[in-house]
Amino acid sequence: MNLKLIKGMRIVAATHNPGKVPEIAALLGEDYEILTAGQLNLPEPDETETTFVGNAMLKARHAAELSGEVSLADDSGMSVTALDGAPGIFSARWAGPGKDFAMAMKKVEERLEEIGAPNTAGDRSAWFTSALAVAWPDGPCVVVEGIVKGELVFPPRGDRGFGYDPIFIPEGGDRTFGEMDPAEKEAISHRTRAFAKLRAALID
Ligand code: IMP
């Protein structure tokens, strides 16, 4: 069985967001025919697993079974050490249906305050995870994970990036992802690291 991504191959991205296609194409770094689950009208599965890896595999397998094509899925989020890894796989859900990340970041700050670790006191360490899974219609699935460690800072700083970027300072730095130029963030991000592992595993 040849578990490789061959140039020109058709890959279904298990997303309903067409904006992710150019990003995936660039991160894979080769020419593929990338379709989205949305274009194929595939239903989105419930993310019922308890880990990033589990949810990425679930989404990739679901898309591969329904489309009959090799499928790629990701699952990502931010985990806070002092909050036992929360919000973790619930990162998007903490922002609610309105995708209000100012509220989600406030919630992180409040939870840390509740346990006495909002700023200089206590453990403010956190990490971002990106899990990527590629599933074949006949069953095999390859999954990798990339992480970037850092520290949280409040109030949020910078208006670039998305999600939790304005409260996250990557290890060794002094600015948040929200204050960085996109290229600077991408050079060290969890997503870039996960795609590098995926390329190493699946592209000759
Ligand atoms: P997913 O789309 O279910 O994987 O949810 C990912 C969520 O994790 C996003 O909505 C963001 O809240 C958060 N997240 C993942 N990657 C990043 C990042 O690079 N910066 C900021 N937030 C992120």
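Note that ligands are numbered from 1 as they come in the structure, with each ligand's atoms numbered from 1 the same way.
The backbone N or O of Thr48 lies less than 3.5 Å from no partner atom in the side chain of Thr50, so there is not a single donor-acceptor pair. Checking side-chain atoms of Lys4 against main-chain N and O of Ala201 turns up a donor-acceptor pair under 3.5 Å. Under a 3.5 Å cut-off, the side chain of Tyr164 and the backbone N or O of Ser91 do form a donor-acceptor pair. Proximity of a side-chain donor or acceptor of Asn55 to a complementary backbone N or O of Phe52 within less than 3.5 Å is not detected. Formation of a donor-acceptor pair under 3.5 Å by the Glu23 side chain with backbone atoms of Lys20 is not found in this model. Proximity of a side-chain donor or acceptor of His190 to a complementary backbone N or O of Met78 within less than 3.5 Å is not detected.
Salt bridge absent: Arg160 and Glu179 never bring a charged side-chain N and a carboxylate O closer than 4.0 Å.
With no hydrogens or angles considered, no side-chain donor-acceptor pair links Ser125 and Glu151 at under 3.5 Å.
If you look at Met78 next to ligand 1, there are no close heavy atoms at all, none under 4.0 Å. With a heavy-atom cut-off of 4.0 Å, His190 touches ligand 1 through its side chain alone.
With hydrogens left out, the protein atom closest to atom 10 (O) of ligand 1 is Phe101 CZ, 3.4 Å, a heavy atom. Closest to atom 17 (C) of ligand 1, if we only count protein heavy atoms, is Phe162 CZ, 3.4 Å. Remark: minimum distance from atom 7 (C) of ligand 1 to any protein heavy atom is reached at Ser76 O, 3.8 Å. Looking only at protein heavy atoms, the nearest one to atom 22 (N) of ligand 1 is Tyr164 N, 3.2 Å.
Counting the atoms of ligand 1 from 1 in the order shown, those under 4.0 Å from a heavy atom of Asp165 are 18 (C), 19 (O), 20 (N), 21 (C). Each of the atoms 18 (C), 19 (O), 20 (N) of ligand 1 lies under 4.0 Å from some heavy atom of Lys185. Near Asp75, the atoms of ligand 1 lying under 4.0 angstrom from a non-hydrogen atom of the residue are 3 (O), 4 (O). The Gly163 neighbourhood of ligand 1 comprises atoms 21 (C), 22 (N), with distances under 4.0 Å to a heavy atom of that residue.
Checked by distance only, ligand 1 and Lys20 stay at 3.5 Å or farther apart across all their nitrogen or oxygen atoms. Inclusion of Asp74 in the set of residues having an N or O under 3.5 Å from an N or O of ligand 1 is not warranted. Some N or O of Arg191 is nearer than 3.5 Å to an N or O of ligand 1, by distance alone.
Closest to atom 13 (C) of ligand 1 by heavy atom, among Ser91, Ala73, Gly178, Pro87, is Ser91.
Residue Ile24 holds its CD1 atom at 9.0 Å from CD1 of Ile11, rounded to the nearest 0.5 Å.
The closest approach between Phe168 and ligand 1 stays at or above 4.0 Å for every heavy atom of the residue. Note on ligand 1: Phe177 sits outside its first shell, no heavy atom being nearer than 4.0 Å.
By the neighbour-count criterion of 12 heavy atoms within 6.0 Å, atom CG of Asp46 is sparsely surrounded, having that number or fewer from other residues, nucleotides or ligands.
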